[in-house]
Amino acid sequence: MTAETVAPAWMHEQITAEQYDSWSEEQCAGIEIVDGMVVVSPSASKRHNRLARILANALDAAAGPDWNADTDFDVRLQDVPLTNRRPDVVVYRADTIDVTPTRPEHVLLVAEVVSPGSETTDRIVKVDQYAKAGIAFYWRIEQAATGLPLIYTYVLDPATDRYRTGDMFTGVVKASAPFTVEIDLGRL
């Protein structure tokens with residue numbers, strides 16, 4: 001069996017922004033583009049999806065009219081080579097809801113829920129990519145054995161284009177400016 005019989009040819013070729021933009025929403029679901037190459041993400045667990053949705057709902061409620069929080073859409077980090085990431089939660093400017101693609105200058109915070117198989121990507125690779133793109137805040141959520149998620153927060157240092165470590169939370173999360181969020185994650 002060859003790779004061609006397992007995956008379509010377009011998965012073995014570098015994709016341009018124009019090609020990607022012509023694809024349907026269904027074709028783009030469950031994939032990310034990194035340096036022009038398609039990266040297929042394994043399906044997330046129900047616990048992973050629930051945690052992302054609860055976090056997005058809480059951030060959305062706290063954000064007020066100027067910011068939205070959503071799940072499951074692309075953030076275009078760069079056009080050449082194309083890099084689209086699909087964070088688990090994105091907080092973005094409300095006035096850009098109809099702007100496609102969503103770009104880093106539209107985004108305040110991205111959050112990734114770490115799952116088996118995504119540990120290295122979420123802990124190392126995406127952190128550097130989001131920082132270089134200029135996204136002000138990055139949260140990494142670890143699903144702990146205790147059932148209470150651990151939330152690691154990072155704040156961008158614009159002088160170095162790197163994140164510096166913020167706080168770590170369990171149970172209750174409090175976000176810093178421009179808004180405050182308290183989430184009782186113990187009720188998951």
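Between the side chains of Y163 and D128, no donor N or O sits under 3.5 Å from an acceptor N or O.
Salt bridge absent: R93 and D66 never bring a charged side-chain N and a carboxylate O closer than 4.0 Å. With salt bridges taken as basic N to acidic carboxylate O contacts below 4.0 Å, none links E112 and R123.
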Exercise for review: Output, in order, the C-alpha distance, side-chain angles, deciding distance and verdict of side chain to side chain donor-acceptor pair (under 3.5 Å) for Y154 and R164.
Suggested key: CA-CA 6 Å; Y154 301 88; R164 60 179 191 270; over 6 Å; no
Check your understanding: After noting the C-alpha distance and the side-chain angles of E32 and R85, does the key distance pass the salt bridge (charged side-chain N to carboxylate O under 4.0 Å, His left out) rule?
Key -> CA-CA 5 Å; E32 293 180 312; R85 285 297 190 178; 2.6 Å; yes
Exercise for review: Test salt bridge (charged side-chain N to carboxylate O under 4.0 Å, His left out) on R86 and D74 and set out the steps.
Suggested key: CA-CA 5 Å; R86 194 172 276 256; D74 289 340; 3.2 Å; yes
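Considering only residues two or more places apart in sequence or on other chains, R53 meets the side chain to side chain contact (heavy atoms under 4.5 Å, CB included) condition with R50, N57. R103 meets the salt bridge (charged side-chain N to carboxylate O under 4.0 Å, His left out) test with D79; sequence neighbours excluded.
By the 4.5 Å heavy-atom criterion applied to side chains, P149 and L51 are counted as neighbours.
When the shell of 6.0 Å around CZ of R162 is examined, it contains 12 or fewer heavy atoms from other residues, nucleotides or ligands.
Y130 pairs in a side chain to side chain contact (heavy atoms under 4.5 Å, CB included) with only one of the listed residues (I135, V125, L156), which is I135.
Nearest heavy atoms, V113 versus D122: O-OD2, 3.5 Å.
Judged purely by atom type and a 3.5 angstrom limit, S118 has no side-chain atom pairing as donor or acceptor with the backbone of T121.
Going from atom CG of L82 over to atom CZ of R76 covers 5.0 Å, rounded to the nearest 0.5 Å.
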